[in-house]
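Just so we're clear, the structure is a prediction, and the values are computed from it rather than from any experiment. Order of appearance sets the numbers: ligands from 1, and atoms from 1 within every ligand.
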Amino acid sequence: MNWRKVRIFLVTVLVLCLIPLTRFYQIDEPLLRLLKGSRHVDPLSLHLAGEFVENNLGTQQDPDGSVTVRMIAMQYLFIPHCIVVPAGVPVHLRITSADNVHSLVFNGMDYAVKVLPGTISQAELLFPRVGEYKTVCREFCGPGHYAMRSELQVVPRAEFPALRPEERGNCAAQ
Ligand code: CUA
């Protein structure tokens, strides 16, 4: 009898039995995060838990004076639809997709951020001038692709801290 083959067979059976168990106990997400790194995110549960829940989206002031912007791209919109950032301040963008591959570009700037489901795309941005930028999707993502656009407002650096949190996340609240 070949013990090596028996051992490989038993380990294979054990691993195959463990796979359904990970689904049952919902440990596959933490496990995947461990294996794939901290940028892994489950596209199907973005609205339920984690950093991309609705009230955590938009622009947040960081302790060092920079800001962090969290967004979701999905067919066929960016959430939040309109974001506000201060001029001349580093912007840490964190964005993920709920479905397809998208690409976020800011008209008039050179930035292009590819957005994929299952992972968090990070980008360091800086908008030196006050103004409005149309943000559009530049990756064909389905029949509504050409309508997938939103807005970025760059406000004077001194004005930004005076905005209420809900005004930072949604331009319509201003
Ligand atoms: Cu999203 Cu094209």
K.L.:
Distance-only, no hydrogens or angles: does the R70 side chain make a donor-acceptor pair with backbone N or O of F52 under 3.5 Å?
P.N.:
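Not at all, since once roles are kept as given, no pair shorter than 3.5 Å links the two residues.
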K.L.:
Just by distance, do the side chain of H40 and the backbone of G118 share a donor-acceptor pair under 3.5 Å?
P.N.:
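Looks like yes, one N/O pair under 3.5 Å.
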K.L.:
F127 and F106: aromatic ring centres closer than 6.0 Å?
P.N.:
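Yes, the ring centres sit under 6.0 Å apart.
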K.L.:
Hey, mind stepping through H145 and C137 against side-chain contact (heavy atoms from CB on, under 4.5 Å) and telling me if it holds?
P.N.:
CA-CA 7 Å; H145 161 70; C137 178; 3.7 Å; yes
K.L.:
Excluding waters, how many protein N/O/S atoms sit closer than 2.8 Å to atom 1 (Cu) of ligand 1?
P.N.:
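Protein N, O or S neighbours of atom 1 (Cu) of ligand 1 under 2.8 Å, waters not counted, come to 4.
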K.L.:
Is the backbone of L126 close enough, under 3.5 Å, to the side chain of Y111 for a donor and an acceptor to pair up by distance?
P.N.:
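Confirmed, Y111 side chain pairs with L126 backbone.
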K.L.:
Under 3.5 Å, is there a donor-acceptor pair between the side chain of D99 and the main chain of Q75?
P.N.:
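Side chain of D99 to backbone of Q75: a pair is present.
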